[in-house]
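The sequence lines fix the lettering, A, B, ..., with proteins before strands; numbering per chain opens at 1.
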Amino acid sequence: MGWEMTDVPELPEVETVRRSLETLIVDRTIRSVDVHLNRIVRSPTVSEFCARLVGQTVRGVGRRGKYLLIDLDTDVLVSHLRMEGRYGFYSAYDPVETHTHIVFQFDGRTELRYRDVRQFGTMDLLERPALHLLPGLRDLGVEPIEAGFDGRYLMTAFRRRRAPVKAVLLDQTVVAGLGNIYVDEALYRARVHPERRAHTLSAKDAAAIASAVREVISQAIEQGGSSVKSYVNGFGKPGGYQFALQVYGRTGQACAGCGSSIVKGRVAGRGTHVCVHCQRPPRNATISRKSSDVSPRRAGVK
DNA sequence: AATGGCCTCCGGACGC
DNA sequence: TGCGTCCGGAGGCCAT
């Protein structure tokens, strides 16, 4: 696993976790719950969280955007991995790894463990009818790989937004589940510079972005995502999509299309990877050909 | 009122 | 080695 990448679970990685969990925990009954780090549990109180979970059986595992939805008898456990949350399925005798914050014990000496180095992940336990009230989950926009997400939909969102297109694509109320990696990848494939103001984009740009998003996300799902960190040990194979990445993490390397160097800068407060030759910078762009002449900090030479 | 941008949470990685 | 800085998803806050 020497090719483990430092990245954050986005839709494809969460979907990969969902599929793994589905095979591992559906039909299992929770016998006890240990919470070692209270901050992960946002609602209800930690004691109620544990008490209500005990005795419930997992009926299914869903996903909406980057949220995992663990369906129980009467409740739904809503889990967001944020930066580095991950699940693992273990024997109760397996040594407990560092940063293990929550443990769900099942029958037969098996456990689902939640680990999270950054401690940013969250869990909420809600009764099923209250699911649509949870802030964040409640406000999500369309799923990028479902009907309704297309150039026209994006154009409607773009028209009223003056922010950089990257910021709009990262806005979960517009599209659910995109994060830094796949936005950079999709914009590269659509040949749109991330600093373009959304409202200046043409319908053609919006259509190109929509199809690039769909393509990147569906291919990443097929490959099991590109985040090794979010896999479920033993089952979900490590993702393979990192080998398909064209710009993310390739600072200083050659663009596959034109051979010029991939440049890294900052847009919407995020590290942003661009081929300034294939993605024409708008006027006043901070990531432009000029800035690309300044030597990159590190060429990822292998 | 809605929008955009900045700050916060945290600790590992990295630079000096 | 030791210390400071950086990084980021989403929620909170504030200015416009």
S.K.: Rounded to whole angstrom units, what separation is found between the CG atom of Leu37(A) and the C1' atom of dG11(B)?
M.R.: 13 Å

S.K.: For every nucleotide of nucleotides 11-16 of chain C, 5' to 3': is a protein heavy atom under 4.0 Å from its base (B), only from its sugar-phosphate (S), or from neither (-)?
M.R.: S-----

S.K.: Mark yes or no for whether Asp75(A), through its side chain, and Leu53(A), through its backbone, hold a donor-acceptor pair below 3.5 Å.
M.R.: no

S.K.: Considering just the side-chain nitrogens and oxygens of Arg118(A), establish if one lies under 4.0 Å of OP1 or OP2 belonging to dG8(C).
M.R.: no

S.K.: Whether Arg86(A) and Glu84(A) form a salt bridge (side-chain N of Lys/Arg under 4.0 Å from carboxylate O of Asp/Glu) is what I want to check.
M.R.: yes

S.K.: Report the residue (Ala163(A) or Arg270(A)) whose heavy-atom-nearest nucleotide on DNA chain B is the more 5′ of the two.
M.R.: Ala163(A)

S.K.: What heavy-atom pair brings Arg189(A) and Val216(A) nearest, and what distance separates the two atoms?
M.R.: CD-CG2, 3.4 Å

S.K.: Does a salt bridge link Lys166(A) with Asp184(A), judged by any charged N lying under 4.0 Å from a carboxylate O?
M.R.: yes

S.K.: Base, sugar-phosphate alone, or nothing: which one does Asn180(A) contact when heavy atoms must sit under 4.0 Å apart?
M.R.: sugar-phosphate

S.K.: How sharply is the helix from dA2(B)-dT16(C) to dC16(B)-dG2(C) bent, taking the axes over five pairs at either end and rounding to 10 degrees?
M.R.: 50°

S.K.: When the distance from CD of Glu84(A) to C1' of dC10(B) is rounded to whole Å, what number comes out?
M.R.: 9 Å

S.K.: Could you state the CD-P distance from Glu97(A) to dG11(B), rounded to the nearest angstrom?
M.R.: 18 Å

S.K.: Would you kindly give the CD-to-P distance between Gln119(A) and dG9(C), to the nearest whole Å?
M.R.: 17 Å

S.K.: How long is the line joining CG of Asp116(A) and P of dC9(B), in whole Å?
M.R.: 16 Å

S.K.: So which nucleotide from dG5(B), dT3(B), dG9(C) ends up closest to the side chain of Arg197(A)?
M.R.: dG5(B)

S.K.: Hey, what else clusters with Leu126(A) if you join Ile, Leu, Val, Met, Phe, Trp, Tyr whenever side-chain heavy atoms sit under 4.5 Å?
M.R.: Tyr67(A), Leu69(A), Val76(A), Val78(A), Leu131(A), Leu134(A), Leu137(A), Leu140(A)

S.K.: Of the listed nucleotides (dG9(C), dC10(B), dT3(B)), which one gets closest to any side-chain atom of Met83(A)?
M.R.: dG9(C)

S.K.: For Ile40(A) and dC9(B), what is the distance between atoms CD1 and P respectively, to the nearest whole Å?
M.R.: 15 Å

S.K.: Are the charged groups of Asp71(A) and Arg128(A) less than 4.0 angstrom apart, N to O?
M.R.: yes

S.K.: Report the distance from atom CG of Leu81(A) to atom P of dG9(C), rounded to the nearest whole Å.
M.R.: 12 Å

S.K.: Less than 4.0 angstrom from a charged side-chain N to a carboxylate O is my criterion; do Arg63(A) and Glu143(A) meet it?
M.R.: yes

S.K.: Quick one: is His80(A) getting a side-chain N or O under 4.0 Å of the dA10(C) phosphate, OP1 or OP2?
M.R.: yes

S.K.: Could you give me the CA-CA distance, side-chain angles and deciding distance for Ser202(A) and Asp205(A), then say whether side-chain hydrogen bond (donor to acceptor under 3.5 Å, both in side chains) is met?
M.R.: CA-CA 5 Å; Ser202(A) 66; Asp205(A) 291 326; 3.1 Å; yes

S.K.: Kindly point out which of dC10(B), dG8(C), dT3(B) is positioned nearest to the side chain of Arg39(A)?
M.R.: dC10(B)

S.K.: According to the 5.5 Å centroid and 30° plane-angle thresholds, does Phe120(A) stack upon the nucleobase of dA10(C)?
M.R.: no

S.K.: OP1 or OP2 of dC6(C) less than 4.0 angstrom from a side-chain nitrogen or oxygen of Arg266(A), does that happen here?
M.R.: no

S.K.: Taking 4.0 Å as the cut-off, does a side-chain nitrogen or oxygen of Gln172(A) come that near to OP1 or OP2 on dG9(C)?
M.R.: no

S.K.: Taking any heavy-atom pair under 4.0 Å as a contact, classify Gly179(A): base, sugar-phosphate, or nothing.
M.R.: nothing

S.K.: With a 4.0 Å cut-off on N to O distance, would you call Asp73(A) and Arg59(A) a salt bridge?
M.R.: yes

S.K.: Strictly below 4.0 Å, N to O, side chains only: are Arg18(A) and Glu15(A) in salt-bridge contact?
M.R.: yes

S.K.: Arg161(A) has an atom CZ; how far is it from atom P of dA1(B), in whole Å?
M.R.: 18 Å

